[in-house]
Amino acid sequence: MKRELELLRVKMKETGVDACLIPTSDFHGSEYVGDYFKCREYISGFTGSAGTLVVTLDEAGLWTDGRYFLQAAKQLSGSGITLMRERQPGVPSIEEYLKTTLKKGETLGFDGRCIMAEYADTLITQLNALGVAVRTDIDLPGAVWEKRPPLSAQAVWPLPVEYAGESSESKIKRVREFLSEKKAQYLLLTSLEDIAWLLNMRGNDVESTPVILSYLLLGQQEIIWYVQEECLSEKIKILLEMQGIKNAPYAQIYEDVKKLPEEASVYYDKAAVNTALVSALPEKVKKIEGVNPTLLFKAKKNPVEVENERKAHIKDGVAVTKFIYWLKKNVGKQKVTERTAAAKLEEFRMAQENYIEPSFAPIIAYKEHGAIVHYSATKESDAEIQPESFVLADTGGHYLEGTTDITRTIALGTLTQEEKEMYTTVLKGHIQLETARFLQGCSGQSLDILARTPLWEKGLDYNHGTGHGVGYLLSVHEGPNSFRYRPSVNGRNDCILEEGMITSDEPGIYLEGKFGIRLENMIVCQKDVENEYGSFLCFDSLTLVPFDLSAIILEELSTKERRWLEQYHKKVFETIAPYLTEEETEWLKETLI
């Protein structure tokens, strides 16, 4: 059993806590978090970006979704922590587990700064009804974490309007108009992506996400940005002052909200603000709950953002295409491993103008590693890539022109019939979704079946969503737009698809012990036709990287699917070829239909 787990239980006994809840979260609900906030990883050893650890005095379980089942099983082996596979038969939810495990008079404890108010309220209501107490003021993992990394405090930098497409003043005006409609005086905003979008500011406080650890209290007359002083240069301070934005110490917001006048009205999103902050609001303050207006505002990319994203994807297409060429030419001739391949792809991206950093940790997964949906190669697992089977490459980058996310499954040598059949089936689903024409009013839930049907017809499926929204130089996973057939937990990612929304199209298949296949493009929603039946929308691909013809059984594609593939490859060649060497260009020409 892990020493950290034993120390945590000692601290639990000292403080009278019978169960400790440790999420994957910072104070803002971020998916990717800085080192200071990796309490769950410190205690459990599990490194995935999604998962919640529950520790009692004699049991421990880690709940995670299908993307991480294989990874978590390996990392938790021998730790004394049970893997709880979410939404699988016989596996209770965290709430169900706590209700059946904790007895009357016992206590659940967690750090209220790391649990969003909506979820905390659910736990408190259900457990209090059973006589179980809930403490939200205790950071038990932090109390036993030796040499905990410091809180990140990286420099803030502005995103010019030629990239953002709209000034911060204009965005703030839109939010204030929204508050007036809701009869609210203040907006309490803690989502880091939303704050960065609203202020047209970026930073580097969260892994792979260029945001700033901060809070925002926006009123009709003033705005206070709670941010660490060392993050702000004099130029940034002057810029903020010109925009009428005051800055205050990061943690001061907890005291400031306590001082709001009793007659004040505050709008906030319970699913996106932590319970400690909500609890600090005066009891008589009018609390207005709803979805952050910025969530939908930033999801609908403006024309400048869309055009910039096209530019970013040309650069990314050049980098990834060069990488595929390099990989195919060098595997089997020199030693190439998953980690050295990832480093080579990063070299190609770094050569592109205005490249900033990866948009998430690269997934280069050879052969059976590809069946681990969110595999991350370590020194111990770093497989040498051979000229056979598949390597799955799911990577992305942040450019000033936007954020990219692309997956290609690359054939290396002769493939088996099964490998070709699976690749072709996944590609058919990808094409069917990307070529969809649909009426205004459809959500991603309406369209998800298009990507899954070719697999479902063979009794197969993949245990993850088909697509997620992507931010503009923000989080690579951004709601509320998505493709998934099941409703999201709180309905936040079931929105109607609208013009300007950018979403991934990434069906896959994962055969444990054999290989994994995922094919992903970023697609932008745009207007198609309008007639007596209504307004129709469609998608246009932003990603410009070829699919692997050597892995496709062409006769299994329909006429429509084959025509799309030919047209897509023609577009890729015409756009990307001018940036390639003569040898790369000749290779690309030969690999396309």
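All of these numbers come straight from a predicted model, not from anything done at the bench.
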Main-chain N/O of [Y] paired to [X] side chain as donor or acceptor, under 3.5 Å:
X    : Y    : value
N274 : F27  : yes
Q352 : R349 : no
S359 : T404 : yes
E118 : K270 : no
T190 : A272 : yes
R202 : L473 : yes
S30  : V33  : no
W326 : A341 : no
T435 : I431 : yes
H477 : E31  : no

Could you check whether [Y] and [X] have their ring centres less than 6.0 Å apart?
X    : Y    : answer
W456 : Y462 : no
Y472 : W197 : no
Y68  : F46  : yes
Y510 : H464 : yes
Y579 : F348 : no
F547 : H430 : yes

Check against side chain to side chain donor-acceptor pair (under 3.5 Å), S389 and E419: CA-CA 8 Å; S389 193; E419 288 170 333; 2.8 Å; yes
K300 to F297, cation-pi by 6.0 Å centre distance and 45° axis angle: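 No, K300 and F297 do not form such a contact.
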Residues forming a side chain to side chain donor-acceptor pair (under 3.5 Å) with S475, sequence neighbours excluded: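 With neighbours one apart ignored, the set is empty.
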Counterpart residues, side chain to side chain donor-acceptor pair (under 3.5 Å), relative to Q417 (two or more places apart): E421
Do [X] and [Y] sit within salt-bridge range, that is, some charged N less than 4.0 Å from a carboxylate O?
X    : Y    : value
E566 : K570 : no
R174 : E166 : yes
K420 : D548 : no
D448 : R484 : no
K301 : E478 : yes
E207 : K38  : yes
D540 : K571 : yes
E307 : K311 : no
K315 : E401 : yes
R87  : D65  : no

Are more than 12 heavy atoms from other residues, nucleotides or ligands located less than 6.0 Å from atom [atom1] of [X]?
X    : atom1 : answer
K458 : NZ    : yes
L460 : CG    : yes
E353 : CD    : no
E512 : CD    : no

Please find the pair of heavy atoms, one from [X] and one from [Y], that lie closest to each other, and give the distance.
X    : Y    : result
N308 : E162 : ND2-O, 3.2 Å
P546 : T321 : CD-OG1, 3.6 Å
V291 : L295 : CG1-CD2, 3.5 Å

Evaluation steps, side-chain contact (heavy atoms from CB on, under 4.5 Å), between L123 and L21: CA-CA 11 Å; L123 290 174; L21 182 71; 3.6 Å; yes
Option among T403, T395, I406 that satisfies the side chain to side chain contact (heavy atoms under 4.5 Å, CB included) test with D316: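 In the set T403, T395, I406, the residue that makes a side chain to side chain contact (heavy atoms under 4.5 Å, CB included) with D316 is I406.
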From R452 atom CZ to L447 atom CG, the distance as rounded to the nearest 0.5 Å: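 Atom-to-atom, R452:CZ and L447:CG are 12.5 Å apart.
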Trace of the side-chain contact (heavy atoms from CB on, under 4.5 Å) decision for T409 with Y423: CA-CA 8 Å; T409 303; Y423 188 102; 4.1 Å; yes
Using only heavy-atom distances, determine whether the side chains of [X] and [Y] contain a donor-acceptor pair under 3.5 Å.
X    : Y    : result
Q432 : E561 : yes
Q71  : T47  : yes
Q440 : S535 : no
E305 : N302 : yes
N463 : R85  : no
N481 : H468 : no
T64  : E86  : no

Side chain to side chain, P358 and E346, heavy atoms closer than 4.5 Å: yes
E506 vs R518, salt bridge (Lys or Arg N to Asp or Glu O under 4.0 Å): CA-CA, chis, key distance, verdict: CA-CA 6 Å; E506 50 180 310; R518 186 161 61 252; 3.7 Å; yes
L62 vs L76, side-chain contact (heavy atoms from CB on, under 4.5 Å): CA-CA, chis, key distance, verdict: CA-CA 9 Å; L62 186 135; L76 297 178; 4.0 Å; yes
Trace of the ring-ring contact (aromatic ring centres under 6.0 Å, His included) decision for Y375 with Y366: CA-CA 10 Å; Y375 170 76; Y366 178 57; over 10 Å; no
Parallel, tilted or perpendicular: rings of W564 and Y568 (30°, 60°):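 Judged by the thresholds at 30° and 60°, the geometry between Y568 and W564 is parallel.
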Derivation and outcome, side-chain contact (heavy atoms from CB on, under 4.5 Å), residues D405 and T543: CA-CA 8 Å; D405 182 3; T543 305; over 6 Å; no
